Undergrad: 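I am attaching a structure below and will ask some questions about it afterwards.
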Amino acid sequence: MSGLTKENLDKHTAADGGGGDAPLQRQSSRTSSHGERTPSLHQPGMSRRSSVSAGHPHGLKPVDTTQIGVPIVTPRKERPGHVRSLTGSYFPAQKGVVSMEDEWPIGDEKTWKTALKDMEFDHEDEQKVANTVVRHVTTSLARQAYNMDTIAAYQATALSVRDRLLERWNETALHHTKKAPKRVYYLSIEWLIGRSLDNAVLNLGLRNTYEGATQKLGFNFEDLLNEERDAGLGNGGLGRLAACYIDSMATLNIPGWGYGLRYNYGIFKQLISNTGEQLEAPDPWLDRENPWEIGRLDVAYPIRFYGRVESVPHSDKAIWTGGMECLAVAYDTPIPGFNTKNCANIRLWSAKPVQGFDLNSFNAGNYEASVAASSEVENITRVLYPNDNMYAGKKLRIMQQYLWVSASLQDILRRFTKLDLPWTALPDYVCIQMNDTHPTLAIPELMRILIDEEELSYEDAWKITTKVFAYTNHTVLPEALERWQIDLFESLLPRHLQIIYRINYDFMQAVAKRWPGDMDRMRRMSIIEEGTPKYVRMAYLAIVGSFKVNGVAELHSQLLQATIFKDFVEFKGRDFFTNVTNGITPRRWLLQCNPQLAALITHTLGNDHWLTHLKTLKQLLPMSENEEFRKAFTSIKLENKQRLADLVETELGITLDIDSIFMTQIKRLHEYKRQTLNLFAVIYRYLRIKKASPEERKKITKHTAIFAGKAAPGYYVAKLVIRLINNVAKVVNNDPDVGPLLKVVFIPDYSVSIAEVLVPASDVSVQISTAGTEASGTSNMKLALNGALLLGTVDGANVEIAEDAGEDQSFLFGHLTEQVEGVRFTNSYQPTPLEQRSAELAEVFKAVESGIFGEGHTYDSLLKTVYEHDYYLVSNDFGSYLAAERLMDETYDNNRTEWVKKSILTAFNMGDFSSDRSVQDYADGIWSVEPCEVPNNL
């Protein structure tokens, strides 16, 4: 693709969209002769001129056709400064002045304020709210009462709610612009936000008003909620954690934004074939207009790939030119805080071509070539996690990550430069939290901007950079730490590879000085992994370039320091590493998904203060001894189970007995999460039922095993697990000997919305990862908060959940972390037959191989992982798992009152697992940011 040209750039306006404060392109801290800020050399200026004015006889001089396709490089001082954006992010022309009193930015102040005043109305007045919905029906949707359907009603209602959001959003941006607080920028490759309508009206305190208004307009509000599609922006816990954190940042009035990518098709829509296999189909979640996003077509940053690098003599600076350039275009999603006027924002980037259509190729009949460049660029943000089993997939992932971090940094730095402060002040106003290693390229990118564009020395740039970034690690598995081949960097990001080499050189010098002659230590700690091919270790780069690294559960943080990052602990010191246990927002994971239980809590406590102070739930612990409360609690659980049973019967044709134990394992498919252990226990139970006499069957506890989650398209073994689950379900659910004693359900296309139905209905939370492999987990927290008892290993946040709830409320089993390596060694180097490791599991494997659940050889690869090596200790923990299940069954069957008590004690001891607590821990211990609350009178 050619470089940015004047004609192309003229199509992009220079101002930011509303509600935020991110206009134009990022600007340099350098000033023009007039004292105004000027854009950096990296980004050619973007004119406000339209394509019409370009050809006007009274406009600019005629276009020189010989210069078409030649990149424009405007001298820095010739570029205009930016004073005012279209977002309400107004900055006075006077340098260094932030206060905006007595200055009105544009037009007649009275006219503006009269118009704004006219927009105000009583948001609790159902008729006034209905008026706004109808206005969107007739204007935004161009419909009338005569041709309305539920989809249109949802869209009009969502647009009406978005209006309320934007009011708060604009006020937040205005207030933060005035106060200029330190801000947090949370970089996450996933944002699993789920549906927005219900969450928005709850956080805004308008749920009842909108429910009444839409009912008067002839629609059931629950039906409208069901019309919304889940945003396809994530896959698992990483994205859901980010969504909980941005909710809590808004609720706690922490000034900050989230940054991510706007995937056209998300990860994939999961379908199940007739043979039980996972099939991947596109998830066109954007086919229907998304009313929650605000497209910022005027907020676009140039991104370069490939090209060549020329060093500037006698300086650290280099000039990166040529290659392919594209644009990252912003789309904003406002996130309201609960019981506050503050509103956060998630800014997502979409890749767009600089020139989307080659007219010359088209006119020459080469139609494919005419759109080839456009397709190559748009592929960057087409799908979340492209399959990286092949070189092209790896290349696309790096392109995704770089476009995302580069655009985000340009946006962040453009905001900072408006403060007119020296670059050394950047860490006092900006903290960037990297959610796992995906955003690590932001470190060399910030270095490149500071050195090549702002002309700082390498040493000064490095001092600034290492005070800006903090890194959250989410895995203790060495093989899960991201690393990329050097040749990918050489091709795609040659300047960044130079900077990474320099960072590594200086770091290795420091290591060598500390441990002279310890070449093995240097090899272990090097950012560059030597070999054929060479790799860049992204986690190591994240550690070296950050000022703080945290794990996400106490056990996880201890393991990080004792295992994969041990060398770095010795180099950096223990204070460099810390722990922030993950959390979940109670607004979505109790108030929204389990409104009856939330109402019971509020009624019993006398207020809803607990929604922002979750530890208040401890006041309800004595209610476990109150019979009336237990009855109400049990009734709510049964209603939630019935709701799920109705959904399963309608969608999957499986009839569930709500008196059975609903055992739920909902998470992405991976060997370390051990859905296999759960499944093999289900098969063992099935075989027991088949062998049992009618009298013996009466003594067997009724189970419903519920699975949900997606396997990565290239993860063959995980996909085999899904296939076996579905084929076991076919056999078990249709066996008349089994009846209601055992049901198996795999719910396809797992999402946040499905979780909101599963979580309140679950009796048991199945959290059975091999000890020492799960960083934290958050499904365990959601399920526990809704009263599900923990059946799990001593791993991740299970440890803290069991401690808080009380081990008497949990069913723990399995080898401990410190035992795992020894067992693995025995499995690999002193193997024993499966029959000796677990006779029960050997029986299960024989049943699978016999063809009871389809052709036995189909699952050879899956069974082989246990027969040989058994890295995740499935056979070693199987007997212990069955024993824990038996103890669980005895409690459920013999003492249901005791079961309900355990459930109440578990739920109301979960106050420490609020994402509000997590975000406050980050704010106090890592970010060093203060709340900046929007006053009610603003």
Side-chain angles (χ1 to χ4, degrees), residues 236-237 240 584 589-590 593-594 597 636-649 651-652 654 656-670 673-682 685 701-710 721-722 725-726 728-729 732-733 742-769 774 777-793 796-798 801 805 809-813 881 884-885 888-889 891-892 899 902-903 906-907 910 913:
R240 187 52 238 170
I584 58 171
W589 295 112
L590 192 46
C593 76
N594 200 346
L597 180 56
I636 291 168
K637 177 64 74 174
L638 288 174
E639 287 185 34
N640 286 324
K641 291 173 76 173
Q642 188 61 59
R643 179 173 64 144
L644 174 60
D646 293 342
L647 180 66
V648 168
E649 185 161 18
E651 298 293 329
L652 303 177
I654 302 171
L656 305 183
D657 184 344
I658 64 169
D659 191 47
S660 64
I661 301 179
F662 279 22
M663 298 179 60
T664 303
Q665 189 176 20
I666 44 177
K667 48 188 78 241
R668 64 185 173 89
L669 272 289
H670 197 289
K673 294 179 182 290
R674 297 202 298 190
Q675 283 91 350
T676 48
L677 185 61
N678 186 1
L679 175 59
F680 295 152
V682 168
R685 180 174 290 268
T701 307
K702 292 184 286 188
H703 274 211
T704 296
I706 301 169
F707 298 85
K710 296 179 179 180
V721 175
I722 291 177
I725 292 171
N726 283 300
V728 168
V732 170
N733 297 340
L742 181 61
K743 295 293 181 182
V744 182
V745 180
F746 183 88
I747 299 179
D749 208 33
Y750 180 55
S751 64
V752 174
S753 298
I754 290 174
E756 288 171 10
V757 179
L758 286 172
V759 165
S762 301
D763 294 306
V764 174
S765 169
V766 182
Q767 309 290 335
I768 55 178
S769 54
E774 182 71 83
T778 51
S779 66
N780 45 9
M781 301 172 189
K782 296 160 194 162
L783 289 158
L785 183 60
N786 285 269
L789 303 189
L790 173 63
L791 171 62
T793 49
N798 291 355
I801 289 173
Q809 276 60 258
S810 306
F811 304 98
L812 301 177
F813 73 94
Y881 179 76
E885 269 198 352
M888 179 188 74
D889 290 350
T891 306
Y892 190 80
W899 182 278
K902 288 177 180 291
S903 184
T906 296
M910 291 299 105
F913 296 97

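All of these numbers come straight from a predicted model, not from anything done at the bench. For the single chain, residues carry numbers from 1 onward in sequence order. Only this structure's heavy atoms are used, side chains among them; waters, hydrogens and symmetry mates stay out.
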Undergrad: List in chain and number order the residues that pass side-chain contact (heavy atoms from CB on, under 4.5 Å) with Ser751, two or more places apart in sequence or in another chain; answer none if no residue qualifies.
TA: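 Ser751: side-chain contact (heavy atoms from CB on, under 4.5 Å) contacts with Asp230, Ser753, Ile754.
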Undergrad: Output all residues satisfying salt bridge (charged side-chain N to carboxylate O under 4.0 Å, His left out) with Arg240, sequence neighbours left out; order by chain, then residue number.
TA: none
Undergrad: The criterion is side-chain contact (heavy atoms from CB on, under 4.5 Å); which residues satisfy it with Ser903, sequence neighbours excluded?
TA: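 Applying side-chain contact (heavy atoms from CB on, under 4.5 Å) to Ser903 gives Phe633, Leu789.
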Undergrad: Within the structure provided, determine whether Ile801 and Met781 are in side-chain contact (heavy-atom separation under 4.5 Å).
TA: yes
Undergrad: Counting the benzene-type ring for Trp, do Phe707 and Phe746 have ring centres under 6.0 Å apart?
TA: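 Between Phe746 and Phe707, which both carry aromatic rings, the centre distance is not below 6.0 Å.
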Undergrad: For Asp646, what residues pass the side-chain contact (heavy atoms from CB on, under 4.5 Å) criterion, not counting sequence neighbours?
TA: Gln642
Undergrad: With side-chain contact (heavy atoms from CB on, under 4.5 Å) as the test, would you mind laying out the steps for Asn594 and Val759 before giving the verdict?
TA: CA-CA 9 Å; Asn594 200 346; Val759 165; over 6 Å; no
Undergrad: Sort and list the pairs that fulfil salt bridge (Lys or Arg N to Asp or Glu O under 4.0 Å) and have at least one residue in residues 752-762, not counting sequence neighbours.
TA: Arg588-Glu756
Undergrad: With under 30° as parallel and over 60° as perpendicular, where do the rings of Trp899 and Phe811 fit, or are they tilted in between?
TA: parallel
Undergrad: Measuring only between side-chain heavy atoms, which start at C-beta, is Gln767 closer than 4.5 Å to Leu783?
TA: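 When only atoms from C-beta onward are counted, Leu783 and Gln767 do touch, with a gap below 4.5 Å.
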Undergrad: Ion pair present between Lys637 and Asp763, side-chain N to carboxylate O less than 4.0 angstrom?
TA: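 Between Asp763 and Lys637 there is no salt bridge, as every charged N stays at least 4.0 Å from the carboxylate O atoms.
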Undergrad: So, for Pro748 and Leu652, which heavy atoms are closest and what is the spacing to 0.1 Å?
TA: CD-CD2, 4.1 Å
Undergrad: Check the pair Asp889 / His703 against side-chain contact (heavy atoms from CB on, under 4.5 Å), numbers first and verdict last.
TA: CA-CA 9 Å; Asp889 290 350; His703 274 211; 2.7 Å; yes
Undergrad: Taking Ser765's backbone N and O only, do any of them form a donor-acceptor pair with Asn780's side chain (distance below 3.5 Å, no angle check)?
TA: no
Undergrad: Salt bridge or not between Lys743 and Asp657? Use side-chain N to carboxylate O under 4.0 Å.
TA: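 Not counted as a salt bridge, because no side-chain N and carboxylate O are separated by less than 4.0 Å.
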Undergrad: For the residue pair Gln809 and Thr906, what are the closest heavy atoms and their distance?
TA: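 Minimum heavy-atom contact is CB-OG1, 3.5 Å.
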Undergrad: Quick one about Lys673 and Gln665 (side-chain donor to acceptor, distance below 3.5 Å, no hydrogens or angles considered), yes or no?
TA: no
Undergrad: Using the test side-chain contact (heavy atoms from CB on, under 4.5 Å), find all partners of Ser769 that sit at least two apart in sequence or belong to another chain.
TA: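 With neighbours one apart ignored, the set is Tyr672, Thr773, Glu774, Thr793, Asp795.
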